[in-house]
Amino acid sequence: ETPVQGSAKDGAEAGEADDEDEDDMPASAKVLADSLRWTLVTALVLQGKVESAIALAEKELAHLQARERLLLLAELHQLNGERSGNADELDAAARLYLELLSEHDPEDWRNWCGYLESACGACVARSSAFDSITEAIDELTTRAQAANGDRFQRGPGLAKVMLRYRELLASFRASKALDDRLAAHFTDELCNYLTCFDSKACAFGDVRNLVLSFCVDSSGGVLLASRSSEWPAACPPNSLPVYLVGHELG
């Protein structure tokens with residue numbers, strides 16, 4: 001006899017039964033199940049199937065704490081966007097990073113790096129201005145400072161410096177010339193940041209590569225040394241992904 005296909009209702013009931021079964025699992029079994037899911041996500045990424053990894057993570061890891069789930073999905077969307085050059089994927093990653101910064105921790109530098117890389121990458125892919133990124137950072141900074149007695153915060157402050165640097169660098173790479181207006185915006189934000197943090201040990205490490213990206217040639221002209229990808233400032237200071245071990249996977 002031809003087997004009877006199960007209905008959608010049957011499938012839904014089966015899924016609910018699976019969820020109930022997992023709820024009844026001992027803690028050790030739940031940890032093992034999650035480990036297997038993480039392994040599958042990683043295996044798909046290594047195979048270059050990032051979209052499948054995203055789908056699996058959205059379905060099978062929905063029970064994670066919001067912060068963990070958002071960060072994993074943000075990193076997956078960012079990786080997919082960088083590999084494919086898809087601006088929409090980079091936008092999706094930027095939105096997730098921005099949600100993490102807005103709802104969880106506006107000082108988390110890992111998430112600022114992810115947001116800037118994704119949002120700036122999307123703008124470069126579309127050859128569009130960075131205005132929307134500026135607005136998003138300003139809005140988040142205003143809320144964060146209001147919640148902390150108008151104290152100037154290191155994460156949002158450094159993010160503004162990095163954004164102006166990325167904007168200047170993108171312009172330089174496109175025109176092979178230094179834009180005085182963008183350079184002024186960059187130095188203004190850099191001075192604002194150093195005014196608050198120049199006495200702290202972290203300040204030098206925060207801006208070292210940015211300052212080193214400028215040098216003076218024999219005629220006294222200022223050049224962006226980052227024209228060479230070997231120069232350390234070609235890639236502004238970044239932190240590695242938390243869940244994906246670098247973006248060299250695969």
Side-chain angles (χ1 to χ4, degrees), residues 3-105 108-126 128 132-133 136 140 238-250:
V4 178
Q5 296 264 337
S7 66
K9 180 180 178 182
D10 293 337
E13 290 174 349
E16 291 172 2
D18 290 341
D19 291 340
E20 291 172 1
D21 289 343
E22 187 159 331
D23 288 339
D24 294 335
M25 285 183 179
S28 59
K30 289 182 180 179
V31 171
L32 177 59
D34 275 347
S35 297
L36 291 173
R37 292 181 180 115
W38 283 110
T39 301
L40 285 172
V41 169
T42 304
L44 288 169
V45 172
L46 289 171
Q47 292 172 7
K49 301 176 180 178
V50 186
E51 291 184 359
S52 298
I54 292 171
L56 179 64
E58 288 178 339
K59 179 182 178 183
E60 298 295 340
L61 297 173
H63 60 286
L64 290 177
Q65 291 185 4
R67 187 171 183 172
E68 292 179 332
R69 183 171 179 274
L70 285 171
L71 182 53
L72 172 62
L73 291 174
E75 290 182 355
L76 287 171
H77 280 290
Q78 182 184 355
L79 178 61
N80 196 33
E82 289 174 347
R83 286 186 174 180
S84 64
N86 187 327
D88 290 338
E89 280 292 282
L90 292 172
D91 278 338
R95 286 193 297 272
L96 290 166
Y97 283 123
L98 203 57
E99 184 176 349
L100 280 163
L101 290 164
S102 176
E103 302 298 329
H104 296 280
D105 185 1
D108 192 322
W109 186 239
R110 167 68 195 97
N111 293 332
W112 276 116
C113 287
Y115 172 69
L116 290 171
E117 290 292 324
S118 302
C120 292
C123 286
V124 170
R126 295 193 175 101
S128 60
S132 61
I133 308 175
L140 182 56
N238 201 346
S239 53
L240 289 175
V242 174
Y243 293 115
L244 306 178
V245 187
H247 283 196
E248 294 78 23
L249 287 173

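Residue numbers run from 1 in the order of the sequence given.
Other residues, nucleotides and ligands contribute over 12 non-hydrogen atoms within 6.0 Å of the CD atom of Glu58.
In this structure, Glu89 and Val50 have side chains that are not in contact, with every pair of non-hydrogen atoms separated by 4.5 Å or more. Side-chain atoms of Leu140 and Leu98, non-hydrogen and from C-beta on, do get closer than 4.5 Å to each other. No side-chain heavy atom of Leu100 sits less than 4.5 Å from a side-chain heavy atom of Asp108. In this structure, Tyr115 and Gln78 have side chains that are not in contact, with every pair of non-hydrogen atoms separated by 4.5 Å or more. Between Leu44 and Gln47, the closest side-chain pair of non-hydrogen atoms falls below 4.5 Å.
The distance from the CG atom of Asn111 to the OG atom of Ser118 is 10.5 Å, given to the nearest 0.5 Å. The distance from the CG atom of Leu36 to the CD atom of Glu60 is 11.0 Å, given to the nearest 0.5 Å. Rounding to the nearest 0.5 Å gives a distance of 8.5 Å between NE2 of His77 and CZ of Arg95. Going from atom CD1 of Ile133 over to atom OG of Ser128 covers 7.5 Å, rounded to the nearest 0.5 Å. The distance from the CG atom of Leu101 to the CG atom of Leu96 is 11.0 Å, given to the nearest 0.5 Å. To the nearest 0.5 Å, atoms OG1 (Thr39) and CZ (Arg37) are separated by 11.5 Å.
Nearest heavy-atom pair across Ala87 and Ala125 is CB-CB, 4.1 Å. The two residues Asn86 and Asp88 have their closest heavy-atom pair at OD1-N, 2.8 Å. Scanning all heavy atoms of the two residues, the minimum distance from Leu76 to Ala57 falls at CD1-CB, 4.0 Å. When all heavy atoms of Glu82 and Leu90 are compared, the closest pair comes out as N-CD2, 3.9 Å.
Side chain of Ser84 to backbone of Asn80: a donor-acceptor contact under 3.5 angstrom is found.
Under the side-chain contact (heavy atoms from CB on, under 4.5 Å) rule, Arg69 has a single partner from Leu72, Leu73, Leu71, which is Leu73.
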